[in-house]
Structure formats: C-alpha cells, structure tokens
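The structure under discussion appears below in the form of structure tokens.
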Amino acid sequence: MRDSAASWCMDLAALDTAVAESACKALVLVNPHNPTGRVHTRAELAEIAAIARRHDLLVISDEIHAELTYDSHRHIPFASLSPDAARRTVTLTSATKAFNLAAIRCALTHYGPDRLLALRDAQPPDLYGAVSPLGVVATEAAWRDGDAWQRDLFSVLDRNRRRVHQVLSTRLPQVRQHIPEATYLAWFDTRPLGLTEPPVERVLKEGNVLLDGGSPFGPDADGFLRLNFATSHDVLEDILAGLVQALRPELT
C-alpha cells in the first residue's frame, strides 16, 4: 500500500512486477485492508483480478472486515467480479470482527476452486481443529438478529474514527494519515517527525499508551503506528492524549 493524496492505495504496477519476479502461485488479498482501513474499489479489484488471471494465481481473499465498511464506501466480494475470479478465489470471513466475538473459533471459507474443496474434504475432519458449537450459535445469532446492535456500533466507530482523524490533523499535522474507510483501525506514518526511536516504544514510554506497528507489518512499515479505536469515548481520549504527549515534542 502507498500513500496517495487522498487515501492509502495499492501499488498495482508494483504488485504485478512482484508476482512476475517471484513466480508465486497464490495471492492473499485483504479487503477491506488491515491495517490501513482502505476499501478497494471495483476498478482496483478488477486490476487485481487481471493480474491473477495473467499469472494464474489462486486468490485467498480475507474479507473479515467487510461488515465494518462505512457509508459512502462499498465492499465488493472479490469472487463476485467475474466467473474467472470466482473459480480461482477462496474467500475467508467471520462474524468475529463486526460483532466482537473474538476467540469463539468459528469462521467461514467459501471455495471457488472445486479441486481445493475436494482436497479439504479428503482430510480428516478434525485435522485443522474443530469448530466450536458455541461459535456456530453465536455467529448465527449475530447475523440473524444483530442488525440493531451493529447500527449502534457503527455510530460509535464512526464518531471515533472522525475524532482520531481530527486530533491527528490538528495536533500532529506532520503525521501522514487518512480517515479509515472501514474497520476500527487507524494507520499513520510518523516518519516525518524524525523520531530517533521506534514510535511504538516512544509512545509507550512517553505517553503510557501501547499501540502496535513497525516491522511486524512488513519491511516498509518502520515508523508506522496502528491504533484500535473500538473503545469508549473516555478511553479513546486517554489514548489520544498520550499519543500527542509522546509525539508532540518532536514538532517544537
């Protein structure tokens, strides 16, 4: 992902080149994207589908944050793009993110390629772990009866993402960031501040706030931070105050 004037976006030319040079056989697509909160457009997904077709890739599409897409943006399942995309895509999703059901051991996989489904079915049923009966019941309850709860959740998350964006824009204007289009995660680049230590360590030491970021997100993520804003107003204000306290001195 690269930073454009308007949003984080995928460098499709670089992706095409990397696939060709590595001769890889599978592409893991995360849409909506974690950690940037970007929702890929139909045009971008069509370009990715063309790359997958050109290089005969299996696409593993992680769409677990699809139900956390904000108004004015639309999640488009990758397998829905075309018959070719459907045939080469394995789609992964779960209710755990959108309904706060982490650790219930229940996810869904849709196999486009028949050969992969046949391979899966040929394996012992418990080889990769068993599904939790509680997880199945909780997932069904969330998807059947959770609309009102999720509407309330969206009002909180929308308020919080705007508050994070406002504070970063006004109190830390040199930090590069874009308001998330989906998820409950904000991703921002502290490299313009010229920190002399990793920002995760700096914010923990000077602001008493533990964020994540940096090298665990890839070789190009040094200097980046990820903030989870799925919390209460008061807790979020404490997080933002600590963040500003830790990073603001670099602007003086």
Side-chain angles (χ1 to χ4, degrees), residues 1 10 12 15-16 18-69 73-147 150 181-185 217-218:
M1 301 292 285
M10 187 174 291
L12 295 170
L15 173 64
D16 194 18
V19 168
E21 292 179 349
S22 66
C24 71
K25 299 300 182 183
L27 171 68
V28 178
L29 173 67
V30 182
N31 182 40
H33 188 259
N34 177 3
T36 65
R38 178 78 163 87
V39 178
H40 300 308
T41 65
R42 181 175 293 276
E44 289 169 329
L45 293 173
E47 288 287 339
I48 297 170
I51 293 171
R53 183 173 61 253
R54 187 157 56 246
H55 299 284
D56 194 23
L57 298 177
L58 169 69
V59 178
I60 302 169
S61 187
D62 176 354
E63 302 182 12
I64 196 169
H65 287 102
E67 294 172 282
L68 294 173
T69 300
H73 301 281
R74 180 187 175 197
H75 169 73
I76 300 171
F78 187 79
S80 71
L81 292 173
S82 69
D84 180 79
R87 283 191 296 269
R88 66 175 66 253
T89 301
V90 174
T91 303
L92 309 176
T93 192
S94 173
T96 54
K97 297 296 185 183
F99 293 93
N100 196 25
L101 296 173
I104 63 169
R105 294 183 59 82
C106 185
L108 287 83
T109 304
H110 180 271
Y111 289 85
D114 291 337
R115 60 183 178 82
L116 287 185
L117 180 59
L119 287 171
R120 196 286 310 270
D121 287 345
Q123 303 296 316
D126 293 336
L127 180 63
Y128 303 107
V131 174
S132 160
L134 174 63
V136 173
V137 172
T139 297
E140 290 183 343
W143 281 341
R144 288 176 176 170
D145 304 311
D147 286 355
Q150 195 177 47
E181 299 169 354
T183 80
Y184 42 75
L185 303 166
F217 290 86

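- For the pair Ile60/Leu92, a side-chain contact is recorded, criterion being any heavy-atom separation below 4.5 Å from C-beta on.
- Using a 4.5 Å heavy-atom cutoff, the side chains of Leu117 and Arg120 are in contact.
- No side-chain heavy atom of Thr96 sits less than 4.5 Å from a side-chain heavy atom of Cys106.
- Across Ile104 and Ala138, no two heavy atoms sit closer than the pair CD1-CB, 4.2 Å.
- Contact check for His110 versus Glu63: no side-chain heavy atoms found under the 4.5 Å cut-off.
- Within the 4.5 Å cutoff, the side chain of Asp16 has heavy atoms near those of the His55 side chain.
- Closest heavy-atom contact between Trp143 and Leu108: CH2-CD1, 3.6 Å.
- Heavy-atom minimum distance, His40 versus Leu29: CD2-CD1, 4.1 Å.
- Side-chain contact check for Leu57 versus Cys24: some heavy-atom pair is nearer than 4.5 Å.
- Shown here is Asp121, whose CG atom has more than 12 heavy atoms of other residues, nucleotides or ligands within 6.0 Å.
- To the nearest 0.5 Å, atoms CG (Asp145) and CD (Glu140) are separated by 10.0 Å.
- Between Phe78 and Val59 there is a side-chain heavy-atom pair separated by less than 4.5 Å.
- Atom OG of Ser132 sits about 10.5 Å away from atom CG of Leu101, to the nearest 0.5 Å.
- The line from NZ of Lys97 to CG of Leu68 is 9.5 Å long, rounded to the nearest 0.5 Å.
- Note that CE of Met1 and CG of Leu15 are 11.5 Å apart. Values are rounded to the nearest 0.5 Å.
- In terms of heavy atoms, Thr41 sits closest to Ile76 at C-CD1, 4.5 Å.
- A distance of 11.5 Å separates CD of Glu47 from CG of Leu81, quoted to the nearest 0.5 Å.
- Residues Ala95 and Ala142 approach most closely at CB-CB, 4.4 Å, considering heavy atoms.
- Residues Arg74 and Val39 approach most closely at O-CG1, 3.4 Å, considering heavy atoms.
- Inter-residue side-chain proximity for His65 and His75 is flagged as unmet; no heavy-atom pair is nearer than 4.5 Å.
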Walk me through whether Met10 and Ile48 qualify under side chain to side chain contact (heavy atoms under 4.5 Å, CB included). CA-CA 10 Å; Met10 187 174 291; Ile48 297 170; 3.6 Å; yes
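- The structure places CD of Glu67 at 9.0 Å from OG1 of Thr69, a figure rounded to the nearest 0.5 Å.
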